[in-house]
Amino acid sequence: MSLRRWTREARLTFAMRNPLGGFGRVPTAPAQTLRDPWPGNPAVGERLVRNQAFFEGVAHPLHHGQWDSPSWPQPYREWLQGFGWLRDLRELGAESARVKARSLVATWISIPASERPVSDPAITGARLAAWLSYYDFFAATADDHFRQTLMAALIMEGRSIITLMPEGAEGWRALTALKGLLSVAVAIPDQPDFLSRFLKLIDETINNQFLPDGSHKTRNPENQFQAVREMAEITSILQIAHLPLPSSLMSVCNRATLVLRAMRHNDGGLMIFNGSMAREAPWVAHIISRASRSNVIAASIADSGYMRLASGRTLLLADAGSVAPTGFDSTAHAGMLSFEFSSGKQRIIVNCGSSTQRGWAEALRQAAAHSVLEFKDLAPIDINKAGHVTRRPQVTRHHTTQDGAHWLHMTHDGYAQHGGGTYMRQLYLGPDGQTLRGEETLPGGTRTDFCVRFHLHPDVTIEQTENGFLLYTEEESWLFQSDAHATIEESVYLGGPHRAPTRQIVLTPIVPQPTPITEDTEHTEHNPGEADLTADGIEQAAYLVEEQQLSTTPQDNLQPEHTPEFYSAPEAESYATYTQPETYEEADLSHTQLQEEHYTAEPTPMVAEDDYAPIPRDPPPADSVPTLLGGVVHLHYTAERTNPGTTDTLFAEQARAEEAAARQARRVEEARAAAAEEVSSPLPLAQQLANQPMPCPPVRWALSLVSE
C-alpha cells in the first residue's frame with residue numbers, strides 16, 4: 001500500500017469516528033431541512049415497498065441489509081447507495097412508503113462506521129442530500145434514538161467527504177459530493193468546517209470542468225445535463241439557507257444552461273454524442289427552468305466543437321470537435337464528424353447512443369455506431385484498457401451561412417497514418433430545410449474499403465424504391481439518394497431507456513476498375529519519337545489520370561466550373577457581386593485555408609429561443625461561397641441505374657452537359673501530356689497507371705423532403 005493511500009485510509013478512519021458518546025454535541029434534528037426540486041416516480045416507489053428495485057428498466061430484488069454485490073453494475077450500485085429513490089417513495093405518499101423509507105435508512109445507519117461504504121464521496125454526497133431533502137417525510141415523526149443516530153451519520157459521512165475531496169471524485173460527480181457537504185453545513189451550522197470546506201472547493205471544481213462558453217470538458221451532453229442539475233440544486237440549497245451565492249457558480253451555471261438548451265433536438269431531448277442519451281423532454285426542460293430563468297439559447301457552442309445548423313423545420317447537430325482532454329475522456333466516442341438530423345419533433349438520422357453495460361459501452365464507442373465514415377479494421381482513436389484515449393486525431397471545422405443556407409466543412413486525420421487519408425465531410429443544408437446534401441472524401445488515401453453509415457431513428461420506416469430510399473416519419477417523407485452503392489442493414493438504438501432495433505443505410509464507394517494489361521502491351525517496343533497509344537488507350541489513360549487527380553485534389557471537387565441548379569441565376573449573380581460587411585470577422589474561407597486553419601471560436605451570441613429559427617450568422621465573403629455537391633449528377637442506390645429518378649431535376653441539365661464537355665477537353669489535354677511523358681519512361685503508361693494505387697472515390701448523397 002502506498003504512503004498516500006495509507007494516510008488517506010487513516011484520515012478516513014479518523015473522520016468516521018462516531019460523535020455519539022464523545023465530547024461534541026450532536027443535535028437531535030437538522031437546523032434546516034432541504035427541498036428536493038425534482039419529481040419522483042410513484043411506480044418505482046410502489047415496487048420498493050414490495051422489496052423490488054426498478055432501475056433503468058431492470059428489476060432487482062431487495063434483500064435486507066444488502067447494499068453491494070460484485071454482480072451489480074456500477075450505475076445501479078450508485079443509485080441504490082445514493083438514496084435518490086426516496087423521492088419515488090415520497091411521490092407514492094402512502095404510509096407504507098414512509099415506513100419502508102425509514103426502515104431502509106435505519107438499516108444503513110446501523111452498519112458499523114468502519115464497515116460503511118463511503119469511499120466514493122459522490123455517492124455519499126447524494127445520500128446526505130437525499131436524507132435531508134426527505135427528512136420531514138421519513139424521520140420527523142421517528143423516535144429520538146433514530147433521529148439522533150441519523151444526525152450522527154450525517155456528521156460522520158460529511159467528514160468523509162472533507163477527507164476524500166477533491167481527489168475522490170471527478171467530473172460532474174464532484175459537484176454531487178460538494179452538494180452533500182453543503183447540505184450538512186446547512187443542517188448543522190454549529191460545525192463551520194463543512195461550509196468553509198465547501199466554499200474553498202466550489203470555485204476550483206467548477207472552473208476546472210467547464211470551457212469558456214459553458215460546455216462541459218467531457219463534451220458529453222449527458223454530463224452537461226447532470227452538471228447543470230447539480231449546480232441548480234446547489235443554488236437552491238444556498239437560497240434556502242440564505243447564504244450568499246458564489247459569483248463563479250452563478251456565471252458558470254447560466255452559461256452551462258444556455259449550452260444545454262442548444263444541445264437539444266426540437267423534441268426537447270438531448271442530442272446523442274460521446275456517451276449521452278436522449279432523456280425525457282419534460283425532465284430536461286424542468287432542470288433547465290430550475291437552473292436559469294432566462295429563455296435564451298446559445299447560438300454557438302464552438303468551444304465544445306459541436307455545430308448547430310437550423311433551417312426551416314430541420315435541425316442538424318454535428319460533432320466537429322476533437323476528443324475531450326486527458327482526464328475527461330472516459331466517455332469519448334470515435335464519432336468525430338458524425339451528425340444527427342431531425343425535422344420538427346421527429347429525429348431521422350441519429351447515432352446509436354450509449355450503455356452502462358460493459359460490452360455494449362465499448363462497442364458503442366466505435367465509429368460504426370455513429371452516422372459517419374468508417375473502416376472495418378481501422379479506428380480513428382485508440383482507447384486503452386482503462387477506457388481513456390491515447391491517440392487523438394486533429395479536427396478542423398468551418399461553417400458559413402448565406403440567406404439561411406448552411407455550409408459545414410469538417411476534417412480529421414484519424415485514418416491518415418494507416419493509409420486511409422484525411423477524412424473530409426462537407427454538408428449543405430438548404431435555406432428552407434428541405435434539402436440536406438453531403439460529400440465524403442479521403443484526400444491522400446489509398447484505401448477504398450470504407451463505408452458511410454446513416455443510422456435511422458426507430459420511429460422512421462424505410463422503403464427501397466426505384467429512385468432511392470424513402471424514409472417515412474409520422475408527418476413527412478424524405479428521399480435518400482447517393483451515387484455510391486447503398487444497402488439497408490440492421491442497427492440498434494440506445495438513446496432511450498430501452499434498447500430498440502432499427503435500420504441503417506450503408507454506402508460503399510463504386511471503385512472504377514482499371515483496364516487490364518495484356519501481355520502484348522507489356523512487351524511492345526517503344527519508338528522514342530512516337531507515342532504508341534491508340535485513341536482508345538489515350539481515352540482510358542486520361543480517364544484514370546483524371547479520376548486520380550479529382551480524388552486527391554479536393555479543391556477541384558469543391559469548385560466546379562459551373563453553378564449547380566440549387567443556385568439559381570439571380571442567386572449566382574448576387575454571390576458574384578456580394579460585398580463583405582465590415583462586421584464580418586471570420587477568416588477568408590478559401591478551400592486551401594479550410595485544410596490548413598483551425599476554427600477560431602467567437603463570442604457566444606444569444607438569441608431568443610425558437611424551435612425552428614435558424615442560427616443568425618453573418619454571410620460568407622463573395623469569393624468563398626462553396627459550390628458544394630455541384631458534381632453529384634447521378635444519384636442512385638445501386639451501381640447500375642437504367643431509369644432517371646425524380647431528383648434529376650435537382651441538378652441543371654445544362655450545367656451537366658457543360659461540365660461533361662469541359663471534362664472531356666481536360667482528358668484530351670492530360671492524355672497528350674501523359675503520352676509525351678511516357679515516351680521517355682521505361683514502362684508503358686498503362687502499366688504505370690496500373691501500378692499506382694486506386695484513388696479513393698468520393699461518396700455523395702442527398703436527403704430531400706418529398707411530402708408533408
| field | Pair Glu233 + Arg290: basic N to acidic O under 4.0 Å | value | no
| query | Charged N to carboxylate O below 4.0 Å: is that the case for Asp377 and Arg447? | reply | yes
| salt bridge (Lys or Arg N to Asp or Glu O under 4.0 Å) partners for Arg47, two or more places apart | none
| message | With heavy-atom distances below 4.5 Å as the criterion, would you say the side chains of Ser322 and Gln394 are in contact? | response | no
| request: Only pairs at least two apart or in different chains count here, so list each ring-ring contact (aromatic ring centres under 6.0 Å, His included) that has a residue in residues 252-271. | output: none
| Any Lys/Arg nitrogen of Lys376 or Asp449 sitting under 4.0 Å from an Asp/Glu carboxylate oxygen of the other? | no
| task | Measure across Met277 and Ile272 and return the closest heavy-atom pair with its distance rounded to 0.1 Å. | result | C-CG1, 4.4 Å
| task | Find out whether Pro380 and Met336 are in side-chain contact, i.e. whether some heavy atom of one side chain is under 4.5 Å from a heavy atom of the other. | result | yes
| Any side-chain heavy atom of Val228 sitting closer than 4.5 Å to one from Gln226? | no
| How about Arg365 and Glu362: do any of their side-chain heavy atoms sit closer than 4.5 Å? | no
| message | Between Arg173 and Glu230, does any side-chain N to carboxylate O distance fall below 4.0 Å? | response | no
| Note: Arg503-Glu489 ion pair, threshold 4.0 Å (strictly below) | no
| said: For a 4.5 angstrom cut-off between non-hydrogen side-chain atoms, does Tyr423 reach Glu440? | reply: yes
| said: Using a 6.0 Å cut-off, check whether atom CZ of Arg35 has over 12 heavy atoms from anything other than its own residue. | reply: no
| request: Answer yes or no: is there an ion pair linking Arg347 with Asp267, defined by an N-O contact shorter than 4.0 Å? | output: yes
| Leu315 vs Leu317 side-chain heavy atoms within contact, under 4.5 Å | yes
| request: With rounding to the nearest 0.5 Å, note down the distance linking CD1 in Ile381 to CD in Gln366. | output: 7.0 Å
| message | Does any part of the side chain of Trp85, heavy atoms only, come nearer than 4.5 Å to the side chain of Phe54, both counted from C-beta? | response | no
| query | Looking at side-chain heavy atoms only, is the closest gap between Pro73 and Gln357 below 4.5 Å? | reply | no
| task | Mind listing the closest non-hydrogen atom pair of Thr235 and Leu249 along with its distance? | result | OG1-CD2, 3.9 Å
| said: Is it the case that over 12 heavy atoms from other parts of the model lie below 6.0 angstrom from the CD atom of Glu280? | reply: no
| Do the ring centers of His216 and Phe210 come within less than 6.0 Å of each other? | yes
| query | Can you tell me if CD on Glu170 sees more than 12 non-hydrogen neighbours from other groups inside 6.0 Å? | reply | no
| request: Output yes when Asp329 and Arg219 qualify as a salt bridge under the 4.0 Å nitrogen-oxygen rule, no when they do not. | output: no
